[in-house]
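In this text the structure is predicted, and so the values were computed from the model without any measurement.
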Protein chains: 2
Amino acid sequence: MATVAGVAGISRRQQYSAATRRALLRAAEQLFAVRGYAATSLDAIVSDAKVTKGALYHHFSGKQGIFEAVLSDLEDQAARSITKAMKGAKDPWDQARAGLTAFLEVLREPAYSRLVVHEAPTVLGPQRFAEQEERSTFAVLRNVVSGVLNGDALGVDSQMQETFSRIFFGALAAAGDAIVESTDPSAATQRVEAAFGLLLDGMRSLVGTPERADGDAEISGS
Amino acid sequence: MATVAGVAGISRRQQYSAATRRALLRAAEQLFAVRGYAATSLDAIVSDAKVTKGALYHHFSGKQGIFEAVLSDLEDQAARSITKAMKGAKDPWDQARAGLTAFLEVLREPAYSRLVVHEAPTVLGPQRFAEQEERSTFAVLRNVVSGVLNGDALGVDSQMQETFSRIFFGALAAAGDAIVESTDPSAATQRVEAAFGLLLDGMRSLVGTPERADGDAEISGS
DNA sequence: GCGTTTGGCATACCGCCGGTATGCCACGTA
DNA sequence: TACGTGGCATACCGGCGGTATGCCAAACGC
């Protein structure tokens, strides 16, 4: 014990340690987002954070370790933002629309797009990246897809829902790139939403639940 | 002049030079595909090719240079394979189906999937990667999309076709990953083709092709 | 209060990697 | 046959990720 300020039983050493850890994460996220993973040196990170490599290797396992920590922060933040944006939706299709817009908004921040979508799969490897994603944004998307394709006339089982989720995830990532690299992002966003609207309307016309929307009892754990 | 063997006016020096260049490309493609770009050292490449770094830097501008050469080979090969597979198709939707199957086949070879789809965007940067893709597989896909969405009732201009192409490209890449990482690739391929079939049928029902919109909406391809 | 322990770093150093500078030598050319 | 040059090999450099070591104040036991 021996706490100094009565915050929550946190000693001064722990406060300082957490501060340096946050500084490292902050500097790393900035540099990774701007220069990319390979072009970012640990010396640059610790220089920006005003510490040394000893501090970095005390808090993280190495370059990949601090990268995963940055990723984890970004994914948690993104997942919260998307789930929050889907709160008011009534039927699953409206929820899908809201989630789509929110996801596109997340993809427009350079850190998420570059690090989570592009760099993470090659840096972490496919299976480790899948583990990361399975607990955050991909889980959200999977719930949305499950809500849309549940209880339809077509034979869409859980494996098909997984397949659809993977496909839509890739489609959304590419759409985010198209928006970011566009000269007119707002116009590009409108085109992307129009394109996905066409895809969703097409699926809805086939699945054949225009407004019934019966099986939306449990879509997400919100 | 002064040709040794009368092949086609190619001197012995040029033959040797081309041979070492091919050996370098071959070794680089192998190592890049297996270990990835970052984990592949130039020493390993020149060791496998049984030359030295002097030879590599004589033929290529550096690590990124030989990587781009490998990419160029892979993309040309892929584009030829896909266009060849689409030769027999008559209506645009059938062409899209054939191109889809052929593209999924290409994505199953590790070199293309890992290098072109995953590593290339981060190694080359977005705009340089776009230049590469614009001349090969992406151009093919864009033609297919253009054929499908041309002259429809909906207001789909060229920019929307570009957007659709980008989205489908991302979707196909993710689908390829899902297939490769699956424990049962053939079953995963059937699921992917069923999912894209649903998407295409949905679009077709909206676009409203007058002729033969037969309801072959079989989802499970098993 | 006081020695002791230990978490939280800083410093110094190592091996490897991408890239460059230099040199050489057989092949092509006249 | 003499010369010029393409096609490499060799040697070396700065920077990188990672490790080993040391120190020092803050926490803890008494």
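Summarising the geometry, the separation between OH on Tyr37(B) and P on dC17(C) is reported as 14 Å, rounded to the nearest angstrom. Nucleotide dA9(D) holds its P atom 13 Å from the NZ atom of Lys50(B), rounded to whole Å. One atom, CZ of Phe67(A), and another, C1' of dC16(D), lie 18 Å apart when rounded to the nearest Å. Atom P of nucleotide dC14(C) and atom CG of Asp43(A) are separated by 17 Å, given to the nearest angstrom. One can place CD1 of Ile45(A) at 8 Å from P of dG17(D), the figure rounded to the nearest angstrom. As a whole-Å value, the separation of Arg12(A) CZ from dC28(D) P is 12 Å.
Heavy-atom distances under 4.0 Å link DNA chain D to Tyr57(A), Gly62(A), Lys63(A) of residues 54-64 of chain A, given in residue order.
Under the 4.0 Å criterion applied to side-chain N and carboxylate O atoms, Glu29(B) and Arg26(B) are not assigned as salt-bridge partners. Looking at Arg135(A) and Glu75(A), no side-chain N of the basic residue comes within less than 4.0 Å of a carboxylate O on the acidic one, giving no salt bridge. Salt-bridge formation is not detected for the pair Glu133(B)/Arg142(B): no Lys NZ or Arg NE/NH1/NH2 atom is positioned less than 4.0 Å from an Asp or Glu carboxylate oxygen.
Considering only side-chain N and O atoms, Ser11(A) lies under 4.0 angstrom from the phosphate OP1 or OP2 of dA27(D). For the pair Thr20(B) and dG7(D), the criterion of a side-chain N or O lying under 4.0 Å from OP1 or OP2 is not met. The side chain of Ser41(B) contributes no N or O atom lying less than 4.0 Å from OP1 or OP2 of dC16(C). Between dA27(D) and Arg13(A), no contact under 4.0 Å exists linking OP1 or OP2 to a side-chain N or O. For Thr52(A), no side-chain nitrogen or oxygen approaches OP1 or OP2 of dC9(C) to under 4.0 Å.
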| Please walk me through it: do Arg97(A) and Glu193(A) pass salt bridge (Lys or Arg N to Asp or Glu O under 4.0 Å)? | CA-CA 9 Å; Arg97(A) 282 243 184 203; Glu193(A) 295 197 357; 5.7 Å; no
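Thr163(A) places a side-chain N or O within 3.5 Å of a backbone atom of Gln159(A) that can act as its donor or acceptor partner.
Which of dC9(C), dG19(C), dG17(D) sits closest to the side chain of Leu42(B) comes down to dG19(C).
With DNA chain C read from its 5' end, the first of the two nearest nucleotides for Lys53(B) and Tyr16(A) is the one closest to Tyr16(A).
Shortest non-hydrogen contact noted between Val145(B) and Gln161(B) is CG1-O, 3.9 Å.
The C1' atoms of five pairs define one axis at each end of the helix from dG1(C)-dC30(D) to dA30(C)-dT1(D), and these two axes lie 10° apart (to 10°).
When the options Val46(A), Thr20(A), Asp43(A) are evaluated for a side-chain contact (heavy atoms from CB on, under 4.5 Å) with Leu56(A), the one that passes is Val46(A).
In this structure, Phe103(B) and Tyr112(B) have perpendicular ring planes: the angle between them is above 60°, well past the 30° mark.
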